[in-house]
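Chain identifiers are assigned alphabetically (A, B, ...) following the order of the sequence lines, protein sequences preceding nucleic acid strands; residue numbering begins at 1 within each chain.
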Amino acid sequence: MSTIEERTDPIDVAAVKADFPLLAREIKGRPIVYLDSAATSQKPRSVIEAMTGYYETINANVHRGVYEIAEASTNALEDARAATARFIGASSPNEIVFTKNATEGLNLVARSWGGANLRSGDAVLLTQLEHHANIVPWFQIAAEKGVEIRWIPLTADGKLDLTDLDRLLDGVKMVGLSAMSNVTGTLTPVRRITDAAHAAGALVSLDACQFVPHLPTDVAKLGADFASFSGHKMCGPTGIGVLWGREALLDAMPPFLGGGGMILDVSLDGWIPADLPAKFEAGTPPIAEAVGLHAAIDYLSGIGMDAVRRHEVTLTGYALRTLRERFGDQITIHGPSEPAERGGVMSLAMEGIHPHDLAQVLDEHAVCIRPGHHCAKPLMKVLGVGATARASFYVYNDETDVDALAEALDAAAGFFSF
Amino acid sequence: MSTIEERTDPIDVAAVKADFPLLAREIKGRPIVYLDSAATSQKPRSVIEAMTGYYETINANVHRGVYEIAEASTNALEDARAATARFIGASSPNEIVFTKNATEGLNLVARSWGGANLRSGDAVLLTQLEHHANIVPWFQIAAEKGVEIRWIPLTADGKLDLTDLDRLLDGVKMVGLSAMSNVTGTLTPVRRITDAAHAAGALVSLDACQFVPHLPTDVAKLGADFASFSGHKMCGPTGIGVLWGREALLDAMPPFLGGGGMILDVSLDGWIPADLPAKFEAGTPPIAEAVGLHAAIDYLSGIGMDAVRRHEVTLTGYALRTLRERFGDQITIHGPSEPAERGGVMSLAMEGIHPHDLAQVLDEHAVCIRPGHHCAKPLMKVLGVGATARASFYVYNDETDVDALAEALDAAAGFFSF
Amino acid sequence: MPGLEDLYREIILDHYRNPRNRGELEAPPATRVEGFNPLCGDEIVVYLDVDDDGTIADIRIGGQGCSISQSSASMMSAAVKGKTVREVQALTRAFKGMMSIHESSLDGEADADSEAAEEAAADEVRLGDLEALRGVVKFPVRIKCATLSWNTLAQGLAEAAEAG
Amino acid sequence: MPGLEDLYREIILDHYRNPRNRGELEAPPATRVEGFNPLCGDEIVVYLDVDDDGTIADIRIGGQGCSISQSSASMMSAAVKGKTVREVQALTRAFKGMMSIHESSLDGEADADSEAAEEAAADEVRLGDLEALRGVVKFPVRIKCATLSWNTLAQGLAEAAEAG
Ligand SMILES: Cc1ncc(COP(=O)(O)O)c(C=O)c1O
Ligand SMILES: Cc1ncc(COP(=O)(O)O)c(C=O)c1O
């Protein structure tokens, strides 16, 4: 049973924290301070138990079984699909394709839609803050088809520079757009871009990896045509992602992977693909993972995505203030300065300390942050760095975590100043 | 702790059964008789607990983290890779690519190897007992490239008819071969075909989905070039599969999905792929699932794959005898008649009862079998049926399960004879 | 808990053993349509001969499958033969309404189906023998077996209308 | 449990703050090679000037990265300058031997590396200052930081040999 149904704003973070078994751990004798949710989130007990329960009581392959647990397993998968559709405002469960991760969803769009619709001379427009997952698949199909890749540049504070948007959109058939940067936390003006793209005759494939876990999502309002995200960043398990697409678009697209479950008929002479969503789900789907994702959606819905967002805005504001006050010029925090314009992800640079070294010292203090290029090398180049030290927050973090981060940064500054 | 380390042949099935929580369930007031392991296996407690333990203690994203649990998580993933390599006799962990299921592995070979190596006028040779997962991807690439698909026919008792093998291999660049049929249980002469294929200048992509879970596997001895299988059929979780390939082949192949983790560098102008195995693992891998697969491999290794195989041969022999004696002409059992030539999978036809109806009645008796085409429609055509009723065994089944099957078949015959 | 007798009613087994209107019609002039149940391999072939005045003059059923899909096809053929296309459409709505499950549906079909049920009620269609298939609803996996022939018929009528 | 002082020895931090042989050489005639650590974004550029008699006449280091990768590159440049290619190969084996982890290795490199260690012992190479990096082995994630420059150097020597 969830203990969070009755919670009202603000979130009772202590109670939330208690729902996550890993957060009770100690690292090197100190309570863990987990600030790497942009890489993957921790999992509440209800999610772990849902999967255990699945394996212990109804584990069976789906779709073709008549016996009781096979039917229960099929229903569990389809209930998860329906819950996912509701969670993001999709107009039908048929619009929800379960993938292995967000990356597969983004590739599916590039290969299936791009393969069928892109022609030599067409252009695809990306932003310079995209994750490699929304870049490399477009490079791949572009090389095959002779398609031009263009880039929306960034402003000095890490926002999209839309000055030239209309010119950039000329001849563009698809826009690859991250709804929120996993490096700077920048929230992009999705609706403005989807409107402009549609006006220019282009579609938009949204990388919603960092968005869906943290903000209330309504794909209709965002105006996108496709959106991809991962279960593991939203309190769900590894091994599952979601591709949402407008039904008419998905319907018209050729299948991607071939195999069991995605066919209507196969003979020695050829084959006929199945209808949505089966068409895009070749092979045994991530069934237990879908059950886990469903539990994660229930968990987040129990808190309320509005409350999650408000909590993160408040905490991000507190973190920005704390770090600026305490470290002044010694620290650079990349990205927009206003909490309302960003998510709870911040890339830090400490004067004279490489991010990798910073993370190493922080680990001694049980503070888990991530150094590196965060799979966004083009953005690194814009920021003029090889790597950043990224701290990211979620619903289970609170001010004590920010304080612990500040303490550990202080220790690192001391360690490297001798 | 596993309770099975000390077991010697024959397997103590009661003890094994006790390791699988789901098998303690009752269905409609009777103990469950699970005979659908060819679709997916049940999971021992140790596998479920390994994943729960992962989520509760070291859940973190892999590869780029310096902090303690990120390092532990990375090690857990790579330990699973090394264990998988040892389990199938791969010559290096670099030869192990984690996929979402066997289907993705088979598609990866068709798209990446086939995309780079097949030319118009080449031929691909498949067998008529292939699963759709080793057919449709070849249809897809063949349509793109103008490649001919040829078929190894079957004998009356469901074995491969190799009479014309050398002629069929002429001009063939790739052979798609199932090591064991998921419908008839037929074990194919893999080594004979890999030798002939190599002599003819062709490679072999093995569908080892039904083989690896049930027989000791040594990819070197089998002589294949690629082999794909799924975690969920070998006591492991859903959401993970394995593609093994010879290192030199994988090295020379272009990447498949693009995204994070599979690159060495990305800029606005292009990208450089990473080395093996990262090259083929775009995005967050199925980490908890790899931990579960590792536990499954440990579990099976604890029993011993030789013992698993011997147990299934004995049980299959008992089942063949029991059903033939009890039902005589009323029953048809497709596939080879000798247990040594087959795995523990049997497709049944009961006189006058459609498989779908048979499975429905069996469900009333808590006997779980699967009716349908089993994703092998070309094979159905050869067998001259639209569907079969398939019962399949694993290490946790014993003679009482076979007896329960016979009882339920008897009841079905009674029900439909009035 | 639903029992087997809810599913396998006497009249269903009778249609399964003695299928009505089994066979083929020469197509063209008749319309031939195939339907697949991709999950279990059931196949239904419907041959339709629709008069100029919109009456189903003749119908034949081919294919193979389980007792539910085959008996449903047989009962359907008996029920629609000689009826006008409009009457058949009302009957189809009524039948699919009966087959709708009001719990959480697998693929969003339920809502459409329950609307169909209401429209059918308005049509005041009498299902007759087809009522025997009502028990199938208690076995959700089998619903697609029962509706396969009706979906195939609907497709055939659409094709016949286009061709005509 | 290893502490930070095992990793960040005084001499390492000194090389990080005051990198030796930092800069570029005109290439060609010099050889220029780049190395990436795809996991953390470290980049090393090695510029090599190898004499006709197989001596490393000059070396320069560019790129950016963490203290371990940068200090390792700096220490390497100091250690190899003026040495013959054969001596450098022996030193590389010795260094990579020191960096090998004997627990289960991440990617099968360990076996090769421990062989390297044995060969190096046979070579009786003295690592000198490079010994300061021994503590890195206790932080397996950082090993690739320490070996990046050496792998890049090896690639550079191979390219120089081909070109020459
Ligand atoms: C022989 C065979 N090949 C391929 C597959 C596909 O496996 P998966 O659905 O796990 O991708 C299966 C199982 O369904 C199988 O039995
Ligand atoms: C913005 C963004 N896009 C895509 C991804 C890829 O997600 P996954 O690795 O789950 O496929 C990530 C996470 O790594 C991300 O942060």
Side-chain angles (χ1 to χ4, degrees), chain A residues 21-22 25 27 39-40 42-43 48 52 55-57 59-61 64-68 100-104 107 131-133 135-137 139-140 151 230 232 237-240 257-260 263 265-268 270-271 282-284 286-289 359-360 363 368 370-372 375 377-378, chain B residues 21-22 25 27 39-40 42-43 48 52 55-57 59-61 64-68 100-104 107 131-133 135-137 139-140 151 230 232 237-240 257-260 263 265-268 270-271 282-284 286-289 359-360 363 368 370-372 375 377-378:
Chain A
L22 188 139
R25 263 204 72 169
I27 300 284
T40 200
Q42 294 305 329
K43 323 301 174 198
I48 302 171
T52 300
Y55 282 126
E56 292 188 349
T57 60
N59 172 69
N61 215 327
R64 285 164 296 267
V66 231
Y67 54 87
E68 189 169 313
K100 66 174 178 173
N101 52 25
T103 301
E104 187 190 354
N107 276 272
H131 187 280
H132 295 161
I135 298 177
V136 179
F139 274 147
Q140 291 175 301
W151 302 89
S230 283
H232 68 89
T238 54
I240 189 166
L257 303 183
I263 61 97
D265 194 24
V266 176
S267 72
L268 298 188
W271 62 291
T284 302
I287 314 170
E289 290 77 7
Q360 191 82 56
D363 177 47
C368 309
R370 190 160 291 243
C375 300
K377 288 197 97 176
Chain B
L22 188 140
R25 262 204 71 170
I27 300 283
T40 201
Q42 294 305 329
K43 322 301 173 198
I48 302 171
T52 300
Y55 282 126
E56 292 188 349
T57 61
N59 172 69
N61 215 326
R64 284 165 297 267
V66 230
Y67 55 87
E68 189 169 313
K100 66 175 178 174
N101 52 26
T103 300
E104 187 190 353
N107 276 271
H131 187 280
H132 296 162
I135 298 176
V136 179
F139 274 147
Q140 289 174 302
W151 301 89
S230 282
H232 68 89
T238 53
I240 190 166
L257 303 184
I263 60 99
D265 193 23
V266 176
S267 72
L268 298 186
W271 62 290
T284 302
I287 315 172
E289 290 76 7
Q360 190 83 56
D363 177 47
C368 309
R370 190 159 291 245
C375 300
K377 289 196 95 174

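A donor-acceptor pair under 3.5 Å is formed between the side chain of Thr238(A) and the backbone N or O of Ala288(B).
Contact annotation: the side chain of Val266(B) approaches that of Phe139(A) to within less than 4.5 Å [non-hydrogen atoms, C-beta and beyond]. The closest side-chain heavy-atom distance from Ile135(B) to Trp271(A) is not below 4.5 Å. For the pair Lys100(A) and Glu289(B), the minimum side-chain heavy-atom distance is 4.5 Å or more.
Here CG of Leu268(B) is found 5.0 Å from CH2 of Trp151(A). Values are rounded to the nearest 0.5 Å.
Of the two parts of Ile240(A), neither the backbone nor the side chain holds a non-hydrogen atom closer than 4.5 Å to a non-hydrogen atom of chain B. For a residue to count as touching a neighbouring chain, one of its non-hydrogen atoms must lie under 4.5 Å from one of that chain's; by this rule Asn61(B) touches chain A with backbone and side chain alike. Both the backbone and the side chain of Asn59(B) come within less than 4.5 Å of a heavy atom in chain A. Only the side chain of Ile263(B) has a heavy atom closer than 4.5 Å to any heavy atom of chain A. Ile287(B) touches chain A through backbone and side chain together, each having a heavy atom under 4.5 Å away.
Residue with the most contacts toward chain A among Lys377(B), Gln42(B), Arg370(B): Arg370(B) (heavy-atom pairs, distance under 4.5 Å).
Looking at every heavy atom in both residues, Leu257(A) comes nearest to Gln140(B) through C-OE1, 4.1 Å. Across Cys375(B) and Gly260(A), no two heavy atoms sit closer than the pair SG-CA, 3.7 Å. In plain terms, the two heavy atoms of Thr103(A) and Ala282(B) that are nearest each other are CG2-CB, 3.7 Å.
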